Amino acid sequence: MAMSSTSYSDWMSQLPPELHNISLFQLAIPGSHDSMSYDLDISSSIIEPDRLKRFSKIYCARKIVCKWSVTQEETITKQLEAGARYFDLRIARKPNDTHPTRLYFYHGLYTRTDVETVLKVINEWAERHPKEILILALSHFKEMDGNLHVHLINFIKTLFGAKLFLKTEIPTLKRCWDKGRNIIVSYDYPANHHIEFWKKIKYFYGNSMDPTKVESELRQVLEKSRPSYCFFVCGLNLTLPDDVRILRYIIRLCDNLANVIQRSLPRLLQWMKYQAGKTPVNIVASDLVTRDDFVQMVVKLNHK
């Protein structure tokens, strides 16, 4: 069946039959970096960077952190509908939360919506789209002890249940469809004895605000050390400096991180399209997953 030119909500089910039996490690999959950053709570305390935590009570400081932390513009449901299939989910417990097991996502600030609520939304979407395989990467855990990990792991296993694809088999579209399993969970914390949880997915990025440096770093990975036996991510994201150089950006009163990323995204997409013609890619992640035909470009890499 031909791909729709306007909708990518079910793009995996519309891939040609010759791709149904290849490993998902070899498919080009659009991904969402800092997936919950659209939901940041400006009234929450600052969780990162560490040197700004002490300014949490100052509204202006929180506002600046928010401006330079928000990347994704659409809800998780709209990202799914747009075609994103990999989600970067960073989890933390709020200090002094009266609820003993409530967790939130974060990027600079905490989110307004808690983890369990969002995972339920993802589960409902997965039920409505059984042929779309979702990859959830849970990582960067903060302020969580072993008991909280046990609680979260048990919640995920109960919620997703038989939809979880086990790490004991190589995932292909057909294998996932035949087994009725369309959720893969990567958990970056010791959970090796749980066959439902995959190990950390390597995320390669340029660690720079300069698109040229991002391209150079990713090119080296793709040409020299691209894993072929597991998932891996090429992040087309720009990264703010973690030292005094950050001031070059955050003092721009009429700018924000999303705008800076938007200006570089067309160039990075063109580079990725060119590079993918030379070296295979797997998950390609963006800070603005619903912008500039990002999903369309990545999905079309499968139609060579």
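The model shown is predicted, which means the values in this text are computed figures rather than measured ones.
- Of the options T290, T75, T111, a side chain to side chain contact (heavy atoms under 4.5 Å, CB included) to Y38 is made by T75 and by none of the others.
- Residues S35 and Q79 form a side-chain contact, since some pair of their non-hydrogen atoms from C-beta on lies under 4.5 Å apart.
- Members clustered with Y104: I47, Y106, Y110, by chain and number, using a 4.5 Å side-chain heavy-atom cutoff among hydrophobic residues.
- Across N237 and Y203, no two heavy atoms sit closer than the pair OD1-OH, 2.7 Å.
- With sequence neighbours left out, R51 forms a salt bridge (charged side-chain N to carboxylate O under 4.0 Å, His left out) with no residue at all.
- Between the side chains of D114 and T117, at least one donor N or O lies within less than 3.5 Å of an accepting N or O.
- Ring centroids of Y205 and H33 are separated by 6.0 Å or more, keeping the two rings apart.
- Considering only heavy atoms from C-beta on, H303 comes within 4.5 Å of P16 through its side chain.
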Enumerate donor-acceptor pairs with a distance under 3.5 Å from any side-chain N or O in residues 165-172 to protein atoms, sequence neighbours excluded.
from : atom 1 : to   : atom 2 : distance (Å)
K167 : NZ     : N192 : O      : 2.7
K167 : NZ     : H194 : O      : 3.4
E169 : OE2    : K179 : NZ     : 3.2
T172 : OG1    : R175 : N      : 3.0

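- In this structure, the side chains of M297 and M272 come closer than 4.5 Å at one or more pairs of heavy atoms.
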Assess whether salt bridge (Lys or Arg N to Asp or Glu O under 4.0 Å) is satisfied between R267 and E215, documenting all intermediate values. CA-CA 10 Å; R267 169 186 167 167; E215 293 168 3; 2.9 Å; yes
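- Residues Y187 and H149 are in side-chain contact: their nearest non-hydrogen atoms beyond the backbone lie under 4.5 Å apart.
- Residue V150 shares its hydrophobic cluster (ILVMFWY side chains chained together at separations under 4.5 Å) with no other residue.
- Annotation: side chain of Q26 is not in contact with side chain of P280 (no heavy-atom distance under 4.5 Å).
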If you apply the rule salt bridge (Lys or Arg N to Asp or Glu O under 4.0 Å), what do you find for E223 with K278, and how did you get there? CA-CA 9 Å; E223 294 180 354; K278 299 169 58 181; 3.8 Å; yes
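- Counting only heavy atoms from C-beta outward, the side chains of V233 and D88 never approach each other to under 4.5 Å.
- For the side chain to side chain contact (heavy atoms under 4.5 Å, CB included) test with L109, the passing option among V65, D41, V70 is V65; the others fail.
- Annotation: the span from L164 atom CG to F197 atom CZ amounts to 6.5 Å, rounded to 0.5 Å.
- Between F155 and H151, the ring planes lie parallel to each other; the angle is under 30°, not in the 30° to 60° tilted range.
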Audit row: K131, D10, salt bridge (Lys or Arg N to Asp or Glu O under 4.0 Å) steps and yes/no: CA-CA 8 Å; K131 287 196 167 185; D10 292 286; over 6 Å; no
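- Evaluation of the salt bridge (charged side-chain N to carboxylate O under 4.0 Å, His left out) rule for R248 yields no partner, not counting sequence neighbours.
- Between D188 and S139, the shortest heavy-atom contact is CB-CB, 3.8 Å.
- With a 6.0 Å radius and a threshold of 12 heavy atoms from other residues, nucleotides or ligands, K53 has its NZ atom above the threshold.
- Residues V299 and Q14 fail the side-chain proximity criterion, which asks for heavy atoms closer than 4.5 Å.
- For E217, the salt bridge (charged side-chain N to carboxylate O under 4.0 Å, His left out) test picks out no residue, with sequence neighbours left out.
- Residue M209 forms a side chain to side chain contact (heavy atoms under 4.5 Å, CB included) with just one option from T239, I261, L257, and that option is L257.
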